[in-house]
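I have placed the structure first, in the form of structure tokens, so that the comments after it can refer back to it.
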Amino acid sequence: MRILVVGAGAIGGYFGGRLLQAGRDVTFLVRPKRASELAKDGLVLKSPNGDVTLKNPPTVQADAIKDQFDVVLLSCKAFDLDDAIKSFAPAVGPNTAIIPMLNGMKHLDTLDQRFGKERVLGGLCAIAATLNEKREVVQLQPMQSINYGERDGTMSDRVKAIDEAFKSGIVGATASQNIMQDMWEKWVFLSSLAASTSLMRTSVGNILAAPGGRDFLLGMLDETSAIATASGYPPGGPFFERVKGNLTTEGSPMTASMFRDIKAGFPVEADHVIGDLIVRADAAKVPVPKLRIAYTHLKAYEKQRAG
């Protein structure tokens, strides 16, 4: 099975690196600068689950793709999706399976329109990772998972083959027959955390310590959960209780990557993670006043950043 990992940043670098470490046929689609870094220093993973340096990992640049791949693992940010599609399109053949690990749902429509729904699986990952100043992939916490599956819930032969390959190298790899539910549940948690910590510009623990903080966090979770329920994917029992626990743990240092991006002056996925939820809320006539304030805040940040 030939696997093309789009990008070798924190997410693609980690999961692709683990597959390469396990002896899988992995190629990283990268830009010239990243290709040079990997050729010089290798792909370095610093992780509680074990450090590794993969020397001379196979790379390809967009203008040099000649072959089609069995799997495309896509981990870009939403605002880079159009450029990413242009770069990996030549690698997509009649039997290629695309596994997107973007947040939210909006990207599925874009990928379906470009490549056909039959080539696009559902997918998501959970990992806290970043690139350090040495351009090494650093996993910040032991927790990690990656889920993938047919969007109609069937356990197809291609998903079984992908699962066998992924499980050989990635701890927490899971083929799911409820991938759309999984994606919605992650979206509920991520959007609640991102909207809250970005708007308040601080951690869950500091929000909880403020007057009205607990009600604010749980109110944000109620709004995002109501949108999911109206869309046919009500958040389930154990998941919901776990998320609720994460958002009500006193002293928690937890923040969303969106908040960390704001602090660093980076672009944010305001429309993909928050704006699209509001569009769906409007269609279902679900009131989301807290989410609207957070969205206005994010769009004001984008305006300031552009100026």
Side-chain angles (χ1 to χ4, degrees), residues 1-29 49 68-78 81 84-85 88 91-112 114-129 137 139 143-190 228 233 235-236 239 272-273:
M1 176 180 290
R2 301 193 67 210
I3 303 168
L4 181 69
V5 178
V6 181
I11 305 300
Y14 185 82
F15 288 116
R18 289 304 188 196
L19 289 172
L20 186 62
Q21 183 185 6
R24 293 297 173 174
D25 186 351
V26 174
T27 301
F28 294 93
L29 173 57
N49 298 312
Q68 295 171 351
F69 286 75
D70 300 303
V71 176
V72 174
L73 193 61
L74 177 61
S75 62
C76 66
K77 293 283 192 179
L81 180 58
I85 286 173
F88 75 77
V92 178
N95 299 312
T96 302
I98 301 169
I99 305 176
M101 293 188 290
L102 287 77
N103 296 315
M105 296 286 171
K106 202 171 181 181
H107 59 280
L108 294 179
D109 294 335
T110 303
L111 291 166
D112 288 352
R114 177 62 180 81
F115 298 108
K117 189 172 184 178
E118 70 280 2
R119 293 187 184 88
V120 184
L121 301 181
L124 68 139
C125 67
I127 186 171
V137 177
Q139 185 180 7
M143 173 275 300
Q144 64 183 49
S145 65
I146 179 170
N147 293 37
Y148 36 84
E150 301 287 354
R151 285 147 64 187
D152 63 4
T154 59
M155 185 57 71
S156 64
D157 288 342
R158 66 175 175 176
V159 167
K160 290 177 183 175
I162 291 168
D163 193 43
E164 181 181 348
F166 279 28
K167 273 184 163 61
S168 70
I170 301 173
V171 175
T174 304
S176 173
Q177 291 183 270
N178 298 289
I179 195 65
M180 296 302 290
Q181 180 74 29
D182 298 341
M183 291 173 68
W184 265 101
E185 290 185 350
K186 181 187 178 183
W187 196 9
V188 164
F189 172 56
L190 173 74
Y233 298 94
F239 164 81
H272 200 76
V273 173

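It should be emphasised that the depicted structure is a prediction, and the values quoted were computed from it without experimental measurement. All residue numbers in this chain count up from 1 along the given sequence.
Across R114 and I85, no two heavy atoms sit closer than the pair CG-CG2, 3.7 Å. In terms of heavy-atom proximity, A84 sits nearest to L74 at CB-CD1, 4.1 Å. Between L108 and P100, the shortest heavy-atom contact is CD2-CG, 4.1 Å. The two atoms that bring V188 and A228 nearest to each other are CG2-CB, 3.7 Å, heavy atoms only. A pairwise comparison of heavy atoms in M183 and M105 identifies CB-CE, 3.3 Å as the closest pair. Summarising the geometry of S156 relative to E150, their closest heavy-atom pair is OG-OE2, 2.6 Å, with the distance given to 0.1 Å.
Expressed to the nearest 0.5 Å, how far CG of L73 lies from SG of C125 amounts to 8.5 Å. Considering CG of L81 and NE2 of H107, their distance stands at 8.0 Å, rounded to 0.5 Å. Note that CD1 of I99 is 4.0 Å distant from CD1 of I162, once rounded to the nearest 0.5 Å. With rounding to the nearest 0.5 Å, the separation of CD in Q68 from OG1 in T96 is 5.5 Å. T110 OG1 to F115 CZ: the interatomic distance, rounded to the nearest 0.5 Å, is 10.5 Å. Note: L111 CG to K117 NZ = 12.5 Å, rounded to the nearest 0.5 Å.
The shortest distance between side-chain heavy atoms of I179 and L121 does not fall below 4.5 Å.
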Worked check of side chain to side chain contact (heavy atoms under 4.5 Å, CB included) between T154 and V159 = CA-CA 9 Å; T154 59; V159 167; over 6 Å; no
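N147 and S176 share no donor-acceptor pair across their side chains, judged by distance under 3.5 Å alone.
Ring geometry for Y148 versus F166: interplanar angle over 60°, hence perpendicular rather than tilted (30 to 60°).
The backbone N or O of V120 sits less than 3.5 Å from a side-chain atom of R151, completing a donor-acceptor pair. Although no hydrogens or angles enter the test, the distance criterion places no donor-acceptor pair under 3.5 Å between the side chain of W187 and the main chain of N103. For E185 (side chain) and G236 (main-chain N/O), a donor-acceptor pair under 3.5 Å exists by modelled atom type.
Atom CD of E118 has more than 12 neighbouring heavy atoms from other residues, nucleotides or ligands inside a 6.0 Å radius. The local environment of NZ in K167 is crowded, with over 12 non-hydrogen atoms from other residues, nucleotides or ligands closer than 6.0 Å.
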Can you give each donor-acceptor pair under 3.5 Å made by side-chain atoms of residues 1-24, sequence neighbours left out, with the distance rounded to 0.1 Å?
unit_1, atom_1, unit_2, atom_2, d
Y14, OH, R18, NE, 3.0
Y14, OH, R18, NH2, 3.4
Y14, OH, Q139, OE1, 3.1
Y14, OH, Q144, OE1, 2.6
R18, NH1, Q21, OE1, 2.8
R18, NH1, G50, O, 3.4
R18, NH2, S47, OG, 3.3
R18, NH2, G50, O, 2.7
R24, NE, S168, OG, 3.0

